[in-house]
Amino acid sequence: ALAVIACRASGTAGTTGNNSQGIVADAYTDARVISGTVTTSGTNSTGITAGAYYGYIDLHSTSVTTSGANSGGILAITGGPTNGGADIYIDSGTVATSGASSSGILALAGLGSNSAGGNVEIHSDGVTTVGNNSLGIGALAYDNVTIDSGTVSTQGVNSLGIYAGSYYGDINVGSVDVTTTGAGAA
């Protein structure tokens with residue numbers, strides 16, 4: 001079954017409490033998210049979370065802003081600890097996080113021990129993270145990783161601009177500008 005979430009009626013989704021994610025799409029097979037503006041202000045409150053055990057993720061977002069600790073902008077995962085996996089496609093406008101341990105965009109595809117594989121493709125207009133330990137864009141895949149970004153800016157300690165890793169595929173990263181200003185960032 002395909003999980004489809006579309007925030008088109010008002011174009012916005014927002015939460016203010018702790019442990020209150022903006023959008024969650026969790027499917028055994030495919031997951032698709034189409035959103036306008038998403039904002040969260042509580043701790044442990046990711047803007048958009050998408051998961052698919054045996055299917056792909058297709059995620060389109062205009063704007064995501066989070067301000068709480070442990071509140072990433074976009075998190076997408078295919079597969080589980082042992083099986084599953086498939087491709088992840090993210091087309092993101094802007095993502096901004098200001099809490100500690102709050103990455104901008106993080107995608108993990110097909111990393112289980114008996115994975116069916118998975119590619120990650122991320123297109124982003126811009127990502128800004130302010131908190132410590134807050135990666136700008138990160139992708140780890142069984143197969144290929146492609147990242148095409150506009151500007152990426154991180155200000156916190158230990159906050160990398162872009163990280164891309166692949167078990168068995170190719171990595172292709174392009175960015176207009178990457179700026180990291182925190183200690184231990186690269």
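Just so you know, residue 1 is the first one in the sequence shown, and it goes up from there. Since the model is a prediction, treat every value here as computed from it, not as a measurement.
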For [X] versus [Y], what's the shortest heavy-atom pair and its separation?
{"X": "V145", "Y": "A164", "result": "CG1-CB, 3.9 Å"}
{"X": "G118", "Y": "A141", "result": "O-CB, 3.5 Å"}
{"X": "G22", "Y": "V38", "result": "CA-CG1, 4.0 Å"}
{"X": "S67", "Y": "S98", "result": "CA-OG, 3.2 Å"}
{"X": "S134", "Y": "S159", "result": "N-OG, 2.9 Å"}
{"X": "T180", "Y": "G161", "result": "CG2-N, 3.5 Å"}

If the test is side chain to side chain contact (heavy atoms under 4.5 Å, CB included), which one of [options] qualifies with [X]?
{"X": "I137", "options": "S92, S175, S124", "answer": "S124"}
{"X": "S101", "options": "N70, L135, N132", "answer": "N70"}
{"X": "D87", "options": "D30, I57, N119, N144", "answer": "N119"}
{"X": "I90", "options": "I74, V33, D58", "answer": "I74"}

Using the side chain to side chain contact (heavy atoms under 4.5 Å, CB included) criterion, which residues pair with [X]? Sequence neighbours excluded.
{"X": "V176", "value": "none"}
{"X": "A100", "value": "none"}
{"X": "T179", "value": "D177, T181"}
{"X": "Y168", "value": "Y142"}

As an exercise, state the distance from [atom1] of [X] to [atom2] of [Y], rounded to the nearest 0.5 Å.
{"X": "I105", "Y": "T97", "atom1": "CD1", "atom2": "OG1", "result": "10.5 Å"}
{"X": "I48", "Y": "L59", "atom1": "CD1", "atom2": "CG", "result": "5.0 Å"}
{"X": "D170", "Y": "D143", "atom1": "CG", "atom2": "CG", "result": "10.0 Å"}
{"X": "D91", "Y": "D125", "atom1": "CG", "atom2": "CG", "result": "7.5 Å"}

Could you list all the ring pair (Phe, Tyr, Trp, His ring centres under 6.0 Å) pairs where at least one residue sits in residues 83-119, not counting sequence neighbours?
->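 As it turns out, the ring pair (Phe, Tyr, Trp, His ring centres under 6.0 Å) pairs with a partner in residues 83-119, which skip direct neighbours, are H60-Y89, Y89-H123.
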Tell me yes or no: between the side chains of T43 and N18, is some donor less than 3.5 Å from an acceptor?
-> yes
Is any side-chain heavy atom of S149 closer than 4.5 Å to a side-chain heavy atom of V127?
-> no
Y54: what forms a ring pair (Phe, Tyr, Trp, His ring centres under 6.0 Å) with it, not counting sequence neighbours?
-> Y28
Main-chain N/O of E121 paired with T146 side-chain donor or acceptor, under 3.5 Å | no
Might you work through the side chain to side chain contact (heavy atoms under 4.5 Å, CB included) test for T151 and S153, ending with a clear yes or no?
-> CA-CA 7 Å; T151 60; S153 172; over 6 Å; no
Are V120 and V173 in one and the same hydrophobic cluster, where Ile, Leu, Val, Met, Phe, Trp and Tyr link if side-chain heavy atoms are under 4.5 Å apart?
->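 V120 clusters together with V173.
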